[in-house]
S.K.: 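Sending over a structure as structure tokens; questions will come in a sec.
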Amino acid sequence: MKKLEQLLTASAIQDANWASDLLAHMSTNDDDAVEAANEVCSAILAHPDAVAHPRWPELVEAAINASRDFEDVAEEVYGERISFEDDEGGLCQGFDGYSTTYSVAQLLGEKTTRVHPEWFDLVLALMDFSDCSEHQAPVVEETILPAILDNYPQWDQLIPHVLEFDPHTFIGDLLPLPQVLSHPDLIQWVEPLTSYRMMVDAVAHPDVAAHDRWRELALLVKDDPSIHSYSEYPALQKLLQERGLE
């Protein structure tokens with residue numbers, strides 16, 4: 001098996017054992033695998049030749065799975081198995097160093113990786129893996145937001161998964177986008193979120209306020225009585241009054 005640094009060049013991709021050697025580095029179930037997976041994601045897996053390799057999805061999945069199990073690491077650090085939620089020793093605050101999900105999120109945010117027919121499924125796999133405290137990753141910001149900005153053809157099919165995975169980031173980062181505001185399913189997406197504090201700021205956001213569908217959103221949100229007690233509500237209320245809706 002070649003050393004990792006020998007596998008991180010475009011010319012190395014042509015070697016018949018390239019993928020197998022990378023998998024070996026990412027499958028040792030220790031800190032070396034985490035380090036290798038993070039380096040592989042940032043250094044080579046976004047290269048067009050790597051994406052075109054028949055085993056590229058397998059390599060991305062291996063990078064995700066290289067993340068360490070919190071209880072395994074806790075046993076090494078503390079001498080006993082402790083869950084992330086029960087940890088009081090500080091390991092939970094620095095566990096990013098034992099995870100690969102951030103690097104994979106950045107990798108799948110690269111335009112070169114979006115051409116792969118399994119990109120969508122890999123994003124869902126990353127979201128599923130990241131939907132726990134120890135492996136949380138900014139998948140919406142790093143992966144899905146760039147896809148929407150580049151008008152990835154299936155971006156709207158990701159939104160239901162985003163709403164389940166991270167509704168706050170949907171409200172804060174995706175809702176003000178023109179592609180989202182113009183989508184026919186906008187109200188369907190937003191209806192379950194009308195009581196969220198962030199929706200007050202979102203409807204008052206300059207890009208939202210300037211959009212043709214502002215009135216639809218405003219009427220939907222303003223009728224939710226729970227938002228009236230939020231400290232942010234007066235700014236929205238002023239806008240509603242100025243536009244004759246209050």
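Model, not experiment: these values are computed from the prediction. Numbers here simply count residues along the sequence, with the first being 1.
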S.K.: Does atom CD (Q179) have a neighbourhood of more than 12 heavy atoms from anything else shown, all under 6.0 Å?
M.R.: yes
S.K.: H47 and T112: side chain to side chain contact (heavy atoms under 4.5 Å, CB included), yes or no, with the steps?
M.R.: CA-CA 7 Å; H47 191 283; T112 54; over 6 Å; no
S.K.: Report the C-alpha separation of F70 and S133 in whole Å, then their side-chain angles, then the decisive distance to 0.1 Å, and conclude whether the side chain to side chain contact (heavy atoms under 4.5 Å, CB included) test is met.
M.R.: CA-CA 10 Å; F70 185 87; S133 299; over 6 Å; no
S.K.: Do F95 and Y98 have ring centres separated by under 6.0 Å?
M.R.: yes
S.K.: Thinking salt bridges, do R68 and D30 make one under a 4.0 Å N-O criterion?
M.R.: no
S.K.: Do Y102 and N38 pair up side chain to side chain, a donor and an acceptor below 3.5 Å, judged on atom types alone?
M.R.: no
S.K.: List the atom of S226, the atom of S229, and the distance in Å for their closest heavy-atom pair.
M.R.: O-OG, 3.2 Å
S.K.: Determine the minimum heavy-atom distance between A105 and T143, stating which atoms define it.
M.R.: O-OG1, 2.6 Å
S.K.: Assigning hydrophobic clusters by single linkage (Ile, Leu, Val, Met, Phe, Trp, Tyr; side-chain heavy-atom cutoff under 4.5 Å), is Y196 placed with V180?
M.R.: yes
S.K.: I need the L193 CG to L175 CG distance, nearest 0.5 Å.
M.R.: 8.5 Å
S.K.: Looking at OG1 of T28 and CE of M26, how far apart are the two atoms once the value is rounded to the nearest 0.5 Å?
M.R.: 10.5 Å
S.K.: Ignoring hydrogens, what is the shortest heavy-atom contact between A66 and A33? Give both atom names and the distance.
M.R.: CB-O, 3.8 Å
S.K.: Would you check if S182 and H211 make a side-chain contact, meaning some heavy-atom pair closer than 4.5 Å?
M.R.: yes
S.K.: I want to check something: taking the side chain as every heavy atom from C-beta on, are H183 and W189 in contact at a cut-off of under 4.5 Å?
M.R.: yes
S.K.: So, the side chain of E142 versus the backbone of G109: is there a donor-acceptor pair under 3.5 Å, distance only?
M.R.: no
S.K.: Is R114 close enough and on-axis enough to W155, meaning under 6.0 Å and within 45°, for cation-pi?
M.R.: no
S.K.: Does L107 offer a backbone N or O that forms a donor-acceptor pair with the side chain of E110 under 3.5 Å?
M.R.: no
S.K.: Indicate the atoms forming the closest heavy-atom contact of F129 with T101, along with that distance.
M.R.: CD2-CG2, 3.6 Å
S.K.: Ignoring hydrogens, what is the shortest heavy-atom contact between E216 and R213? Give both atom names and the distance.
M.R.: OE2-NE, 2.9 Å
S.K.: So do L4 and L22 actually touch side chain to side chain, heavy atoms under 4.5 Å?
M.R.: yes
S.K.: Hey, mind stepping through I159 and F170 against side chain to side chain contact (heavy atoms under 4.5 Å, CB included) and telling me if it holds?
M.R.: CA-CA 8 Å; I159 298 301; F170 169 81; 3.8 Å; yes
S.K.: CD1 of I144 to CG of D173: how many Å apart, nearest 0.5 Å?
M.R.: 11.0 Å
S.K.: Is there a side-chain contact between R197 and S231, using heavy atoms and a 4.5 Å cut-off?
M.R.: yes
S.K.: Rounded at 0.5 Å granularity, tell me how far CD in E232 sits from CD1 in I227.
M.R.: 10.0 Å
S.K.: Regarding T100 and H135, do their side chains bring together a donor and an acceptor under 3.5 Å, going by distance alone?
M.R.: no
S.K.: Quick one: closest heavy-atom pair of P176 and I171, and the distance?
M.R.: CD-O, 3.7 Å
S.K.: Before you tell me yes or no, could you show the steps for L122 and V104 under side chain to side chain contact (heavy atoms under 4.5 Å, CB included), namely the whole-Å CA-CA distance, both residues' side-chain angles and the distance that decides it to 0.1 Å?
M.R.: CA-CA 10 Å; L122 289 167; V104 178; over 6 Å; no
S.K.: Check whether any side-chain heavy atom of D185 sits under 4.5 Å from a side-chain heavy atom of D156, and report yes or no.
M.R.: no
S.K.: May I ask you to test the L177-L149 pair for a side-chain heavy-atom distance under 4.5 Å?
M.R.: yes
S.K.: Quick one: does E80's side chain get under 4.5 Å of E75's, heavy atoms only?
M.R.: no
S.K.: Using 0.5 Å steps for rounding, measure from the CG atom of L108 to the CE atom of M127.
M.R.: 11.5 Å
S.K.: Just by distance, no angles: are the side chains of S99 and D96 close enough, under 3.5 Å, to form a donor-acceptor pair?
M.R.: no
S.K.: Does this structure show an ion pair linking R81 with D69, if we count only N-O contacts that are shorter than 4.0 Å?
M.R.: yes
S.K.: Any heavy-atom pair between the side chains of L91 and F84 that's under 4.5 Å?
M.R.: no
S.K.: Under a 4.5 Å side-chain heavy-atom rule over Ile, Leu, Val, Met, Phe, Trp and Tyr, are V34 and L8 clustered together?
M.R.: no
S.K.: Can you spot which of L59, V115, V60 makes a side chain to side chain contact (heavy atoms under 4.5 Å, CB included) with V51?
M.R.: V115
S.K.: Look up atom OG in S20 and atom NE2 in H25, then write down how far apart they are to the nearest 0.5 Å.
M.R.: 11.5 Å
